[in-house]
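Working notes for the structure below.
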There are 2 protein chains.
Amino acid sequence: MVTRERPTLEAVARRAGVSRATVSRVVNGSTSVAAAIREAVTRAVDELGYVPNQAARSLVTQRTESIALILPETANRVFSDDLFFPAIIRGVGVELEAADKQLVLMMAGSAKSHDRVERYAVAGHVDGVMFASMHGDDPLPGNLARLGIPVICSGRPLGSLDHSGPEVPYVDVDHFGGVAAGVRHLVAAGRRRIATIAGPQDMVAGIDRLAGYRATLEEAGLAQHVAFGDFTRESGISAMRTLLADDPAVDAVFAASDMMAHGALIALKDAGRRVPHDVAVIGFDDFEISRYSDPPLTTVRQPITDMGRTMARQLLGLINGEDGLPDAVVLPTELVVRDSA
Amino acid sequence: MVTRERPTLEAVARRAGVSRATVSRVVNGSTSVAAAIREAVTRAVDELGYVPNQAARSLVTQRTESIALILPETANRVFSDDLFFPAIIRGVGVELEAADKQLVLMMAGSAKSHDRVERYAVAGHVDGVMFASMHGDDPLPGNLARLGIPVICSGRPLGSLDHSGPEVPYVDVDHFGGVAAGVRHLVAAGRRRIATIAGPQDMVAGIDRLAGYRATLEEAGLAQHVAFGDFTRESGISAMRTLLADDPAVDAVFAASDMMAHGALIALKDAGRRVPHDVAVIGFDDFEISRYSDPPLTTVRQPITDMGRTMARQLLGLINGEDGLPDAVVLPTELVVRDSA
DNA sequence: CTGAAAGCGCTAACAC
DNA sequence: GTGTTAGCGCTTTCAG
């Protein structure tokens, strides 16, 4: 594998019989170049197979034309069957594609990779950084922002209120409202022993959805039954078993993710309960699984892809120094009724 | 969002009262620096929050310490519920993490993004490039290799034999053998009308699995029934319907992916067929769905994560100029028998 | 063991 | 319009 010498601007300039500056102008599409010269330069570029050295270019322009999406998760989780990540990346991808920016996806599930990613961003590999799926009160977004790197989060950063320094802007969905709609639907259907399988309490999606459940049950004057999972199907199965053991007469369960709802379906079937006859089940996400499960799941649809798009657009705005950008955008959620409740 | 001035080597040098060269030595861990000076420099680095500018560094070292994984697919496909991508990325991630290289994930599903990714790699953003999930006879791997960029593919490149210039090394799994084992299992169980739902014929996984089916049925002297899908569940559903319409007496089907096998299960249930009593079903992948489907799927397990790890290790070897690296590695597959066949 | 100096390849004023 | 000239921030000989 020979590392062939790559031609430089200088080489192209010599071949075309012009100066480096002129070649640079042509390569960067400046209009003020005579047609004849432009053509000569273009030919030289083609003949030599010239491609600008990005390191040299970035060194002077301070731009890389690429943008990072940082997922503080292990690859194991990012690429589990959790369709949150796909959806967010799809949305981000669409916007960056349109802006001709390169998306650089990075996972940072370990302390080591967390550091590496920070160095990567601070070292100037990218023009801006997006975060999704944050856990706890991660200092990284704030750190980068403080260094002057454009940053945006999907999902309200936890503890964003008690930090000094500039707030990190974010885009999120209305977890609370979606859960409230789902739980009210259960109440309206006459369910009275409504349990929930909550998500991890170090993530805003887990916290806000549980808050929605608690507030709505309180409003209805009903007792709360909470079990915890981590958004995966397996955790949904065991949480449902716990719930069933605690209260065999449970007649409804609101799961904070479709995967956990699917797990609940499996555990209920194992336990001989019929859905929705004995127990109603509602999920959250509206992923494909909710249409193919047995029975199809009633669920709360959240516009994850839109969240990704919005986040990307905001970040591009930040990078371009636009002003009047909102510090927070919250997208609506919607209850989708199917057979399970 | 103030773009604060980042400190340079020069600033650190001034503060520590030494030369830039010395700071550079300390930062890069050179041993030949007096302990006292090293400490002074380290302190200055900390106080200033100095982080080396990667563009400047790359400009002289010709290294970026990051590696690209290029997926010639849209985000839509990469992050569908196809668990191939997750698995490969997990494997790659593990190896690169160990080598402290940054993984840069890029999707290139459109012609435009395909070009952008090529420019990105050629411009020297990364030290090496890995490809997965290639379609047709993609010239990109060969192009990059020809420019002296270390390249490796997961999945045997189609048309790799009739190109001039250096071959692109690859890692793949034994599609043919896995399918053959599955189909023989069906034959041994007494099935005689064995159909297949084949994958896309512009991908090596689609082509080789179909070849395995054809060869094994031929060997058994049985008739072939082929329908095509694109590895997704939806395509499995419609392919199964076609198969059923063409031959209502079909008694087995080998699907080239678990998702398509799951689709077949759904279509068969709709058609009132019992699995495996009326029709046996085998998938390919051994993803989680195959354990949770009804009935659980007999399937061919392929070590995708291992393929990712192996690919990453090979590439790191290439980058470091190791020799004796194989041009091709083929990992074994294995039939996993569950209830569906 | 440390400093001085020469670029890496490119862009952007500034002249002409 | 086009060329000349300074660097961007860093590593790396080469002297001392």
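These numbers were taken from a predicted model, which means no experiment stands behind them. In the text below, chain A, chain B and the rest are named by the order of the sequence lines, each starting its count at 1. Every heavy atom of this structure was used, including side-chain atoms; hydrogens, water molecules and symmetry mates were not.
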Length of the line joining A:Arg38:CZ and D:dG1:C1', which is rounded to integer Å
11 Å
Determine, for B:Glu97 against A:Arg116, whether the closest basic-nitrogen to carboxylate-oxygen distance falls under 4.0 angstrom.
yes
Whether A:Asn53 contacts C:dC8 is assessed here as follows: a side-chain N or O lying under 4.0 Å from the phosphate OP1 or OP2. Is that the case?
no
Would you mind reading off the distance between A:Glu65 atom CD and C:dC10 atom C1', rounded to a whole angstrom?
15 Å
Hey, is the side chain of A:Arg20 pairing donor to acceptor with the base of D:dT4 inside 3.5 Å?
no
Side-chain donor-acceptor pair under 3.5 Å between A:His135 and A:Glu73, yes or no?
yes
Whole-Å distance, B:Gln62 CD to D:dG9 P, equals 19 Å
Round to the nearest Å and state the distance from A:Leu9 atom CG to C:dC8 atom P.
13 Å
Heavy atoms from C-beta onward define the side chain here; which of C:dT11, D:dT11, C:dG3 lies closest to that of B:Arg57?
D:dT11
If the cut-off is 4.0 Å, is A:Thr22 near the phosphate of D:dG3, judged by side-chain N/O to OP1 or OP2?
yes
In this structure, how many angstroms lie between the P atom of D:dG9 and the CZ atom of B:Arg6, rounded?
10 Å
Is B:Ala21 touching bases, backbone alone, or none of the nucleic acid, heavy atoms closer than 4.0 Å?
base
Spacing of B:Ile37 atom CD1 relative to C:dG3 atom C1', expressed in whole Å
10 Å
Between A:Asp100 and B:Arg119, does any NZ, NE, NH1 or NH2 come within less than 4.0 Å of an OD or OE carboxylate oxygen?
yes
Short N-O contact, B:Arg15 and B:Glu47, less than 4.0 angstrom:
yes
Taking only side-chain nitrogens and oxygens of A:Thr8, does any of them come within less than 4.0 Å of OP1 or OP2 of C:dG9?
no
At under 4.0 Å, does any side-chain N or O of A:Ser24 touch on OP1 or OP2 of C:dT11?
yes
Between P of C:dT11 and CG of A:Leu59, the distance in whole Å
11 Å
On DNA chain C, check which nucleotide each of A:Tyr50 and B:Ala34 is closest to and give me the residue with the more 5' one.
B:Ala34
Toward the 5' end of DNA chain D, which comes first, A:Arg25 or B:Ala55, by nearest nucleotide?
A:Arg25
Are the side chain of A:Asp327 and the backbone N or O of A:Pro169 linked by a donor-acceptor pair below 3.5 Å?
no
Would you kindly give the CG-to-C1' distance between A:Asn28 and D:dT2, to the nearest whole Å?
16 Å
